[in-house]
Amino acid sequence: GTLFRFPNLAVPMLGEETRRGAMEGGSGIDQPSRDGDGIAVLAREERAKAMLKELSINQKVALLSGVGMWQSGGVPNKGVPSLSMTDGPHGARGLSLHGDAGALLSPCELALAATFDEGLVEEVGAVLGADCRRRGSDILLGPCLNLQRFPVSGRHFECFSEDPYLASRAGAAYVRGVQKHAIACAKHFVCNDQETDRSTVNSIVDERTLREVYLAPFQAAIEEAGAGAVMCGYNRLNGTYCTENHWLLQKVLRDEWGFQGLVMSDWFGNQATEASMNGGLNIEMPGVEPRHYGGYLAAAVHEGRVSAELLDERCLPVLRILLRPGRDVQPTPLVAGAAEEATLLRAATQSCVLLRNEGGALPLDVSRLRRVAVLGPNAGDTVVQGGGSSRVHPKRCKSILQALREALEAKGVVVDN
């Protein structure tokens with residue numbers, strides 16, 4: 001008699017005042033309208049421009065090119081460190097493919113949205129942002145702001161909702177939380193909402209639908225929460241790859257929304273050199289082989305196919321992030337503890353929406369129980385996270401069956417499976 005459902009929200013889209021209102025909390029990239037210390041912002045901007053003047057073309061190209069799987073290039077002999085990033089959005093996996101042991105694991109984005117609690121989602125974001133910094137990364141690759149458009153898509157657990165308003169509210173809260181400590185990277189921009197042919201599919205969407213549905217969560221993450229990074233989708237949008245789409249990356253993202261952060265490709269998702277530079281892509285990832293930026297961009301600048309001014313324009317957002325306040329400050333506590341785990345447990349609990357409780361079956365009254373049947377093999381081999389790029393290596397979790405037995409068998413209740 002107990003039913004759980006993930007409900008829709010029938011609510012209006014973001015109002016103009018809400019979209020443009022300044023929100024409290026961390027911000028990845030200083031915007032003059034959101035930063036009270038305008039002098040400090042201008043000083044960092046001038047410092048970034050001065051650093052650019054000291055760099056050669058090859059060194060500037062290094063800033064925009066991946067090095068290995070999880071870092072973009074720096075210029076060590078000029079005092080410019082590399083940027084490091086870790087997969088998300090449900091935890092900071094660390095700088096390895098299989099993950100560093102002991103990572104914090106949050107409820108998946110779908111579950112976080114089902115709490116309908118922006119404050120709680122922001123708390124979870126702050127926990128994950130701090131763990132990102134503990135693991136040596138500048139950027140957490142999340143949140144995923146795509147929409148659940150196809151019922152059996154393999155990555156829907158990584159998305160907040162099929163509803164753009166709910167995804168906007170949860171996504172902005174998540175970004176505010178993460179950016180108390182690290183940079184949040186909103187992904188996958190945009191309409192990368194299916195797994196079939198996801199690296200080549202052409203998403204054909206009219207502008208009104210784009211703005212009211214698919215772009216809305218990203219707009220909230222940028223305008224309200226100040227997300228410092230955006231990851232392009234693999235797909236094409238109305239015929240043009242997102243990494244090359246000037247309308248998307250320049251006209252909408254930068255000119256309309258005022259974004260001053262960096263735009264990166266998804267892994268192996270960039271398809272071009274000049275077209276991506278002109279379109280608005282800052283960083284090509286990864287760098288396990290010379291690709292379109294690391295392999296060919298310097299030659300394109302030397303030959304005049306990409307202007308030196310455009311190269312500087314693409315480098316500036318990278319330097320802004322490297323120069324952001326607090327980058328070298330480690331989060332407190334230095335090791336995640338009971339408080340962080342309690343926040344994640346509270347979020348998991350609140351994600352369950354109880355719609356019907358016939359006969360007062362819940363909560364279980366141990367004094368009236370003699371025997372409990374737990375049905376299904378997954379009770380003993382409980383899946384606590386999805387696979388793929390969001391997977392982390394957490395501490396060992398109890399199964400549902402083990403947890404029920406620990407809670408009930410000491411009180412004389414038999415638990416069968």
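If you're wondering where the values come from, they're calculated on a predicted model, not measured in any experiment. Positions are given from 1, in the same order as the sequence printed here.
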- Task: Give the intermediate values and the outcome of side chain to side chain contact (heavy atoms under 4.5 Å, CB included) for residues Val75 and Glu54.
- Result: CA-CA 11 Å; Val75 188; Glu54 299 296 320; over 6 Å; no
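Environment of CZ in Phe268: crowded, with over 12 heavy atoms of neighbouring residues, nucleotides or ligands closer than 6.0 Å. Counting heavy-atom neighbours within 6.0 Å of Asp381 CG, excluding the residue itself, gives a total of 12 or less. Shown here is Arg305, whose CZ atom has more than 12 heavy atoms of other residues, nucleotides or ligands within 6.0 Å.
Residue pairs meeting the salt bridge (charged side-chain N to carboxylate O under 4.0 Å, His left out) criterion with at least one partner in residues 243-266, sequence neighbours excluded, are Arg211-Glu256, Lys251-Glu256.
Using a 4.5 Å heavy-atom threshold, the side chains of Leu141 and Trp267 count as touching. By the 4.5 Å heavy-atom criterion applied to side chains, Leu95 and Arg135 are not counted as neighbours.
By the salt bridge (charged side-chain N to carboxylate O under 4.0 Å, His left out) test, Glu289 is found to be paired with Arg291, residues two or more places apart in sequence or in another chain being considered.
Donor-acceptor pairing under 3.5 Å is recorded for the side chains of Asp206 and Thr209. Arg155 and Ser389 form a side-chain donor-acceptor contact under 3.5 Å, judged by distance and modelled atom types alone.
Note on ring orientation: taking the six-membered ring where Trp is involved, the planes of Tyr174 and Phe160 are perpendicular (angle over 60°, cut-offs 30° and 60°).
To the nearest 0.5 angstrom, Asn417 atom CG is 8.0 Å from Leu375 atom CG.
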